[in-house]
Number of protein chains: 2
Amino acid sequence: MPQADTKTRILDAAEKLFARDGFHNTSMRGITGLARVNLAAVNYHFGSKDALLLAVIERRIVPLNQIRQEKLQTVLEKAQAAGQPPSARQLLQAFIEPTLAFRSSGPGAEDFIALIGRALSEPDETVRACFIQQVLPIFKLLFAGLHQALPELSDQILLTRLQFTMGAMSHMMCASTRPVLHLPGFPEPLQETEMVAELISFVCSGLEAPC
Amino acid sequence: MPQADTKTRILDAAEKLFARDGFHNTSMRGITGLARVNLAAVNYHFGSKDALLLAVIERRIVPLNQIRQEKLQTVLEKAQAAGQPPSARQLLQAFIEPTLAFRSSGPGAEDFIALIGRALSEPDETVRACFIQQVLPIFKLLFAGLHQALPELSDQILLTRLQFTMGAMSHMMCASTRPVLHLPGFPEPLQETEMVAELISFVCSGLEAPC
DNA sequence: GTCTATAGATTGATAGAC
DNA sequence: GTCTATCAATCTATAGAC
């Protein structure tokens, strides 16, 4: 694809730069330069820099959320059919695996994962609100499922532990493109598949910790 | 203290705004306005905006690291005296508790914790490098201690799980001043002391998960 | 739809009086 | 040390020709 659509080229360039440099440290000139389009094209196609960010996020998060929702619902339905509570591990797998597998879904998807991995710690209210709004339905589904899987935990404790889970997960999503703690004298980071498996084990054990 | 030192007022104002709005979204005029000092004062006292950020971080992280280092070394020495490996829980306590207790160490310390909580996911290389450089010695001490506490884990797995730990911890540090997932229909977040205890339990279980 | 040109605001930094 | 005034660069956004 030597010459994609102008809108697409802008989205791709913005995704890359927002992920790499952060929203406020990315200029329209940087985006249009990388996309090889005219400076005015962003405002023509998207209206503003803020609106462009929303478009960047929504383009990918809608299909991602659909996958996560389907997987979560499959786990919940199978458990219901078997007359048993769902397993915490399967629920977490349904939430986490598609998110990181999404990275291989195409060029730029990697940047996107880093971008939304940072969204939870993003200082800018606009960015965070957009992300949370998009993820909220999935998060509720996960919360309800885990409540059945771990009935001994109070709502408050479960939410707290789920926040730690989100923290560990976002950190891994950020670290994908840019090694965060890869330093001389420390071992090489794991490959992605093993990393995901480790993350799921880690948060499973954490969620199931004794009270 | 109605009128602190000019340098101190600048540091306090910058800390607050960097934590709240992010480094690139904070202007010198915003800082000097809040500090009620002249615009030129920042460059006179610190040289540049970048140098101001370093000063903001170093002012607090040096005493914090000293506390963490002392606590870690106490745990390690007691274990050595008893001829036993240190306990993972005690090591994590020594690392985590002072960090969050630091919030109560004075006005503004809370902002600082949010600031360094976000540092790991910070896109800006300058910010992240400064933070990592400061934390590295403590991190190495923690890594070595956990290696003794959990000898069945390979270096690679231990590092991976320690990264998840840092992720959960940073997320909690960010969330302190600004509720991240506190939404209608969800329970109230825990109080700080209970939250810290929960975090320690969570990451302990995660680190000790079967391979 | 794409371009040039530019408005209009804001930025970090500095020179020089006091 | 603190101030005013300002530079030079950069930013987002838009008007208007093609």
Side-chain angles (χ1 to χ4, degrees), chain A residues 1-59 115 122-130, chain B residues 1-59 115 118-119 122-130:
Chain A
M1 22 129 230
Q3 277 298 78
D5 192 36
T6 294
K7 277 183 84 163
T8 306
R9 289 220 307 283
I10 292 174
L11 285 171
D12 290 343
E15 180 172 67
K16 178 168 299 221
L17 295 181
F18 288 160
R20 198 190 63 189
D21 303 329
F23 178 70
H24 288 106
N25 200 27
T26 297
S27 68
M28 302 279 263
R29 282 169 175 82
I31 295 166
T32 53
L34 181 60
R36 283 169 295 112
V37 301
N38 191 271
L39 173 62
V42 169
N43 283 288
Y44 176 78
H45 284 287
F46 298 96
S48 71
K49 192 187 175 189
D50 280 357
L52 173 60
L53 173 64
L54 297 192
V56 165
I57 295 180
E58 285 185 2
R59 173 174 65 151
L115 182 64
E122 173 67 44
D124 190 292
E125 183 66 32
T126 311
V127 184
R128 214 171 56 249
C130 165
Chain B
M1 21 134 229
Q3 278 299 78
D5 191 35
T6 293
K7 276 183 84 162
T8 306
R9 289 220 306 284
I10 292 174
L11 285 171
D12 289 344
E15 181 172 67
K16 177 168 301 220
L17 295 181
F18 288 160
R20 198 189 62 188
D21 302 330
F23 179 69
H24 287 106
N25 200 27
T26 298
S27 69
M28 304 277 264
R29 284 166 176 83
I31 295 167
T32 55
L34 181 61
R36 282 168 297 113
V37 302
N38 191 271
L39 173 61
V42 169
N43 283 289
Y44 177 78
H45 284 286
F46 298 95
S48 70
K49 192 186 174 189
D50 279 358
L52 172 60
L53 173 64
L54 298 191
V56 165
I57 294 180
E58 285 184 4
R59 173 173 67 150
L115 182 63
R118 223 175 36 224
E122 173 68 45
D124 191 291
E125 184 64 34
T126 311
V127 184
R128 214 172 55 248
C130 164

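The chains referred to below are lettered A, B, ... by the order of the sequence lines, with proteins before strands, and numbering in each begins at 1.
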remark   = From NE2 of B/H45 across to C1' of C/dT14 the rounded distance in Å is 15 Å
request  = Identify the two heavy atoms, one from B/I10 and one from B/I31, that lie closest to each other, and give their separation to 0.1 Å.
outcome  = O-CG2, 4.1 Å
query = Rounding to a whole Å, what distance do you find between A/Y44:OH and C/dT2:C1'?
reply = 9 Å
request  = Test the A/K49-A/F18 pair against the cation-pi criterion, namely NZ or CZ under 6.0 angstrom from the six-membered ring centroid and within 45° of the ring axis.
outcome  = no
task = Scan A/T26 against the nucleic acid and name what it touches under 4.0 Å (heavy atoms): base, sugar-phosphate only, or nothing.
result = sugar-phosphate
query = According to a strict under-4.0 Å criterion, is B/H24 in side-chain N/O contact with OP1 or OP2 of C/dT11?
reply = no
inquiry  = Less than 4.0 angstrom between a side-chain N/O of B/S27 and OP1 or OP2 of C/dT10, yes or no?
reply    = no
inquiry  = Side chain of B/N38 only, heavy atoms from C-beta on: which candidate in D/dT6, D/dC3, C/dT4 is closest?
reply    = D/dC3
query = Atom CZ of A/R36 to atom C1' of C/dT2: distance rounded to whole Å?
reply = 15 Å
ask   = Just how far, in rounded Å, is C1' of C/dT11 from CD1 of B/I31?
value = 12 Å
message = Is B/S48 close enough to C/dG12 that one of its side-chain N or O atoms is under 4.0 Å from OP1 or OP2 there?
response = no
inquiry  = Could you walk me through whether A/L52 and A/L11 satisfy the side-chain contact (heavy atoms from CB on, under 4.5 Å) test, starting with their C-alpha distance in whole Å, then the side-chain angles of each, then the deciding distance to 0.1 Å, before giving a yes or no?
reply    = CA-CA 8 Å; A/L52 173 60; A/L11 285 171; 4.0 Å; yes
request  = Would you check if the side chain of B/R118 reaches a backbone N or O of B/A19 as a donor-acceptor pair within less than 3.5 Å?
outcome  = yes
ask   = Between C/dT11 atom P and B/L52 atom CG, what is the distance in whole Å?
value = 15 Å
request  = Round to a whole Å and report the spacing from CZ of B/R29 to P of C/dG12.
outcome  = 7 Å
ask   = Nearest-Å distance, CZ (A/F46) to C1' (C/dG1)?
value = 14 Å
key: B/N43 side-chain N/O to C/dG12 phosphate OP1/OP2 under 4.0 Å   = no
key: Residue pair A/A51 / A/F46: nearest heavy atoms and the distance that separates them   = CB-O, 3.2 Å
query = Base, sugar-phosphate, or nothing: which does B/A40 touch, judged by heavy atoms less than 4.0 Å apart?
reply = base
Phosphate contact (D/dG1 OP1 or OP2) by B/T6 side-chain N/O below 4.0 Å = no
key: Whole angstrom value for the distance that separates P of C/dT14 from CG of B/L39   = 12 Å
